[in-house]
Amino acid sequence: MKKIFSICLLSFLLFSCQQEGRIYVKHLDLSPEVEWLSKDKREFKVPIEDSSIPYNMSLSLRYATGYQYQVAKVEVTETSPSGEVTTAEYDLKIRDEKGDYIGDPGFDIWDSEHMIEADKIYPETGTYTYQIEHVMPNDPLIFAMSIGVILDKANKSQ
């Protein structure tokens, strides 16, 4: 019981802390069976109010110890407010060269954040829709728990 409470508390604290410059953050669970089917796309609606500034876009992945691959291959489809569609594929690195998991551990659950696009400029304001699906060769993707989208204002001084 203490372990479950600790995991819930840790999850709440990790996902409720809003960093300075953070515009959007949302995480969606994948499956109660701790797996991600390739047909199970997750959709995010991201409001962009200022198209004159750059943003850093990241994906977050929560996974459990036992995830067997070095990466999680995902496909992200972006639809602009005017309907323009672009698709890109990303490798989210899960293990380092030694085979150790990357991310913030909480018992046997790991939270990882992966920047996929730095200094992204949105050409128009409005709501952008992102659909994310895994494109790994094996289906389902075992031990994947949730996927998220994070959008921050880019820090120009870096």
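Fair warning: this is a prediction, and the values are worked out from it, not measured in the lab.
Minimum heavy-atom separation, Trp110 to Ala64: CD1-C, 4.4 Å. The two residues Arg62 and Asp111 make their nearest non-hydrogen contact at NE-OD1, 2.6 Å. Scanning both residues, Leu30 and Glu35, for their nearest heavy atoms gives CB-O, 3.8 Å. Here the closest non-hydrogen pair linking Asn56 and Asn155 is ND2-N, 4.5 Å. Annotation for Val149 and Met57: closest pair CG1-CE, 3.7 Å, computed over non-hydrogen atoms. The heavy-atom pair separating Ile23 from Tyr55 by the smallest distance is CG1-CE2, 3.8 Å.
A 4.5 Å side-chain heavy-atom check between Ile94 and Ile102 finds every atom pair outside the cut-off. Side-chain contact between Pro47 and Tyr24: present, with at least one pair of heavy atoms (C-beta onward) separated by less than 4.5 Å. In this structure the side chain of Val71 never reaches within 4.5 angstrom of the side chain of Tyr90, judged on heavy atoms. Here the side chains of Ile150 and Glu113 are in contact, with some heavy-atom distance below 4.5 Å. Side-chain atoms of Leu151 and Tyr122, non-hydrogen and from C-beta on, do get closer than 4.5 Å to each other. When side chains are defined from C-beta on, Val46 does not count as touching Thr127, because their heavy atoms never get closer than 4.5 Å.
Taking CG of Leu61 as the start and CD1 of Ile147 as the end, the distance is 5.0 Å to the nearest 0.5 Å. Lys73 contributes atom NZ, which lies 6.0 Å from atom CD of Glu89 (distance to the nearest 0.5 angstrom). Interatomic distance, CG of Leu92 versus OH of Tyr69, reported as 14.5 Å (0.5 Å rounding). Distance CG/Asp40 to CG/Asp29: 12.0 Å, rounded to 0.5 Å. To the nearest 0.5 Å, atoms OG1 (Thr87) and CD (Glu75) are separated by 5.5 Å. Rounded to the nearest 0.5 angstrom, Met115 CE and Asp119 CG are separated by 8.0 Å.
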Are Trp36 and Ser31 close enough, and set up right, to give a side chain to side chain contact (heavy atoms under 4.5 Å, CB included), and what steps lead you there?
CA-CA 6 Å; Trp36 189 3; Ser31 167; over 6 Å; no
Run Ser82 and Glu84 through side chain to side chain donor-acceptor pair (under 3.5 Å) and show every step you take.
CA-CA 6 Å; Ser82 62; Glu84 184 177 336; 5.3 Å; no
Begin with the C-alpha distance, continue with both residues' side-chain angles, and end with the deciding distance and a verdict on side chain to side chain contact (heavy atoms under 4.5 Å, CB included) for Ser60 and His114.
CA-CA 6 Å; Ser60 65; His114 312 268; over 6 Å; no
One pair to check against ring pair (Phe, Tyr, Trp, His ring centres under 6.0 Å): Phe44 and Tyr128. What are the steps and the verdict?
CA-CA 8 Å; Phe44 300 85; Tyr128 285 75; over 10 Å; no
Report the C-alpha distance between Leu37 and Asp139 in whole Å, list the side-chain angles of each, state the deciding distance to 0.1 Å, and finish with yes or no for side chain to side chain contact (heavy atoms under 4.5 Å, CB included).
CA-CA 6 Å; Leu37 296 168; Asp139 192 39; 4.3 Å; yes
Kindly indicate, with the supporting measurements, whether the criterion side chain to side chain contact (heavy atoms under 4.5 Å, CB included) is fulfilled by Leu59 and Val76.
CA-CA 10 Å; Leu59 298 180; Val76 178; 3.9 Å; yes
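In this structure Glu43 satisfies the salt bridge (charged side-chain N to carboxylate O under 4.0 Å, His left out) test together with Lys45, sequence neighbours excluded. For Ser51, there are no side-chain hydrogen bond (donor to acceptor under 3.5 Å, both in side chains) partners two or more places apart in sequence or in a different chain. Applying the side-chain hydrogen bond (donor to acceptor under 3.5 Å, both in side chains) rule to Glu97 yields the partners Lys93; only residues at least two apart in sequence or on another chain are considered. For Lys26, the salt bridge (charged side-chain N to carboxylate O under 4.0 Å, His left out) test picks out no residue, with sequence neighbours left out. Residues forming a salt bridge (charged side-chain N to carboxylate O under 4.0 Å, His left out) with Lys153 (at least two apart in sequence, or on another chain): none. The side-chain hydrogen bond (donor to acceptor under 3.5 Å, both in side chains) search around Ser52 returns Asp50, not counting sequence neighbours.
Aromatic ring centres of Tyr101 and Tyr67 lie farther apart than the 6.0 Å criterion allows.
By the neighbour-count criterion of 12 heavy atoms within 6.0 Å, atom CD of Glu49 is sparsely surrounded, having that number or fewer from other residues, nucleotides or ligands.
Residues Phe143 and Val135 fall into different hydrophobic clusters, defined by Ile, Leu, Val, Met, Phe, Trp and Tyr side chains chained together at heavy-atom separations under 4.5 Å.
Taking 4.0 Å as the cut-off between side-chain N and carboxylate O, Glu78 and Lys120 count as a salt-bridged pair.
His134 places no side-chain N or O within donor-acceptor distance of the main-chain N or O of Ala72, the cut-off being under 3.5 Å.
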